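Here is the structure we will look at.
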Amino acid sequence: MSDIGKRRYWVFDLDGTLTRPVHDFARIRTELGLAPNSDILASLAALPSPQRERQMALLDELELFYAEQTEPASGVVELLDLLYLRDCRLGILTRNSQTVALRALTAIGADCYFDVQDVLGRDEVRPKPDPQGIELLLARWCTTPDNAVMVGDFRYDLEAGKTCGTATIHIDHGVHTPWPELTDLRITSLSQLLEIL
Ligand SMILES: [Mg+2]
């Protein structure tokens, strides 16, 4: 898709997209007593009350702990700076809580590029691959999907973008088989994206 660089409305996944992919989902699953590779949010949602509430509180604690240790993806500040200078609107759509997302953005020096209300977590909207978060941001920004890009490192990010009708960029760390049917542009780092833009 040749017009990606001209689009002015950018929605980013957080973990493994703007941050280094060190968020330790495997350790979080172990601490919560979940099966390897299980969907954390779906597994907790299926628990009976009050175990569900207890485990969700523990998840919040673990995520805050890992957010403090977040490191920036290579090229992240340079990329956000370029988009900011081009007058782009930037948002975040994450399966984390908004509190954890803001903590991680601060840790990587990127909080200044985002309005707090444009950082959407699991308590603001339905989690990806549901496109509700992208739709909400586009409505708030008074724009349409053909002016927007969704950037992420996982299938859920790309599915959310495709369902909504935005362009999609896959940051491919080489851990998953690529999803060409969901991807308009596949790159291996934000630094590479910076060169293209
Ligand atoms: Mg991710």
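Order of appearance sets the numbers: ligands from 1, and atoms from 1 within every ligand. What you see is a predicted model, and the numbers here were worked out from it, not measured in a lab.
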task: Using salt bridge (charged side-chain N to carboxylate O under 4.0 Å, His left out) as the criterion, point out the one residue from Asp130, Asp13, Asp15, Asp39 that pairs with Arg95.
output: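 Going through the options one by one, the only one that passes is Asp39.
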
message: Quick check for you: to the nearest 0.5 Å, what is the distance between Arg122 atom CZ and Lys128 atom NZ?
response: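 These two atoms lie 12.0 Å from each other.
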
- prompt: Can you tell me how far the CG atom of Leu193 sits from the CD1 atom of Ile187, to the nearest 0.5 Å?
  reply: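 Leu193 CG to Ile187 CD1: 4.0 Å, rounded to 0.5 Å.
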
- prompt: Are any of the side-chain nitrogens in Arg103 or Glu68 under 4.0 Å away from the carboxylate oxygens of its partner?
  reply: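 The answer is yes: the pair qualifies as a salt bridge.
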
For the Mg ion (ligand 1), the closest N/O/S atom belonging to Asp15: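 In Asp15, the heteroatom (N, O or S) nearest the Mg ion (ligand 1) is O.
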
- request: Identify, by name, the N, O or S atom of Asp13 lying closest to the Mg ion (ligand 1).
  value: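 Closest N, O or S atom of Asp13 to the Mg ion (ligand 1): OD2.
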
message: Any N/O/S atom, side chain or main chain, of Asp153 closer to the Mg ion (ligand 1) than 2.8 Å?
response: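 Under 2.8 Å: Asp153 contacts the Mg ion (ligand 1) through an N, O or S atom.
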
